[in-house]
Amino acid sequence: MVPPVAVSPLIKTARYSALLAGIVFGKRRYDELKPIAAEERRIEEEEKKVREEQEKIAKALAEASEESILK
Amino acid sequence: MAQAVQKLVAKVPTLIGAAATYSKPRLATFWHYAKVELVPPSPAEIPQAIIGIKNIVTGVNSGRLGQTTVKDAFRNGLVCTEVMMWFYIGECIGKGGIVGYAV
């Protein structure tokens, strides 16, 4: 087996500081994005309700106004 | 159907035993290398790292870094890429998922 190589301290420090920096960055970005996503979902819910109301009205109008001898 | 399930359940200890026998030597080799190569820097090594950064800065200023061979530059590029990958792994740990943010 090849003997394990001695890694330079610069690379070791760089690796583990990059790991720590990544953990901090990920946690912060997650905390920042979470309320934004909740807000978007809420807006989407409201718009969906409004759209469904309008669709129901449009459907009722269409059914009332269609002329067909099959009814 | 019930017999097939029973046979499968009876096989599980054998499978676990086989998995343990397979993985033990490989874990041993991994640990053998990781003990030396993957340990975090001890507090005594951090000043050496700072000296290393200073060496690189003086190398840039004196123009010595312009003399690196392509082979050395490629190797250094690979090392830098590996360090950047550790950052992305840290980000995956921080955001609690592998692909994307679970908002």
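No experiment lies behind these values; they were computed from the predicted model shown. All chains are named by letter (A, B, ...) in the order of the sequence lines, taking the proteins before the strands, and each is independently numbered beginning at 1.
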(request) Go through the atoms of T29(B) and report whether side chain, backbone, both or neither lie under 4.5 Å from a heavy atom of chain A. (result) side chain
(message) Which residues in residues 4-14 of chain A have any heavy atom closer than 4.5 Å to a heavy atom of chain B?
(response) P4(A), V5(A), V7(A), P9(A), L10(A), I11(A), K12(A), T13(A), A14(A)
(request) Under 4.5 Å heavy-atom distance to chain A, tell me which part of I50(B) shows up: side chain, backbone, both or neither. (result) neither
(message) Quick check against the 3.5 Å criterion: does Y33(B) have a side-chain atom that pairs as donor or acceptor with the backbone of V2(A)?
(response) yes
(request) Check the hydrophobic clustering (I, L, V, M, F, W, Y; side-chain heavy atoms under 4.5 Å; chains of links allowed) and say if F87(B) and Y30(A) are grouped together. (result) yes
(message) Would you compute the distance between atom CH2 of W86(B) and atom OH of Y16(A) and round it to the nearest 0.5 angstrom?
(response) 4.0 Å
(message) Sub-4.5 Å heavy-atom contacts with chain B: which residues of residues 39-46 of chain A show up?
(response) R41(A)
(message) Need one label for P35(A): side chain, backbone, both or neither, based on atoms under 4.5 Å from any heavy atom in chain B.
(response) neither
(message) According to a hydrophobic-cluster definition based on side-chain heavy atoms being under 4.5 Å apart (Ile, Leu, Val, Met, Phe, Trp, Tyr only), do M85(B) and I23(A) belong together?
(response) no
(message) Assigning hydrophobic clusters by single linkage (Ile, Leu, Val, Met, Phe, Trp, Tyr; side-chain heavy-atom cutoff under 4.5 Å), is Y88(B) placed with L33(A)?
(response) yes
(message) With heavy-atom distances below 4.5 Å as the criterion, would you say the side chains of R15(A) and E82(B) are in contact?
(response) yes
(request) Between chain A and each of I51(B), I89(B), V39(B), count heavy-atom pairs under 4.5 Å; write down the option with the most. (result) V39(B)
(request) Could you tell me which residues in residues 93-103 of chain B have at least one non-hydrogen atom under 4.5 Å from a non-hydrogen atom of chain A, sorted by residue number? (result) I93(B), G94(B), K95(B), Y101(B), A102(B), V103(B)
Under 3.5 Å, side-chain donor or acceptor atoms of residues 67-80 of chain B against the rest of the protein: list the pairs with distances, not counting sequence neighbours.
| from | atom 1 | to | atom 2 | distance (Å) |
| --- | --- | --- | --- | --- |
| T68(B) | OG1 | L65(B) | O | 2.9 |
| T69(B) | OG1 | D72(B) | N | 3.1 |
| N76(B) | ND2 | D72(B) | O | 3.3 |

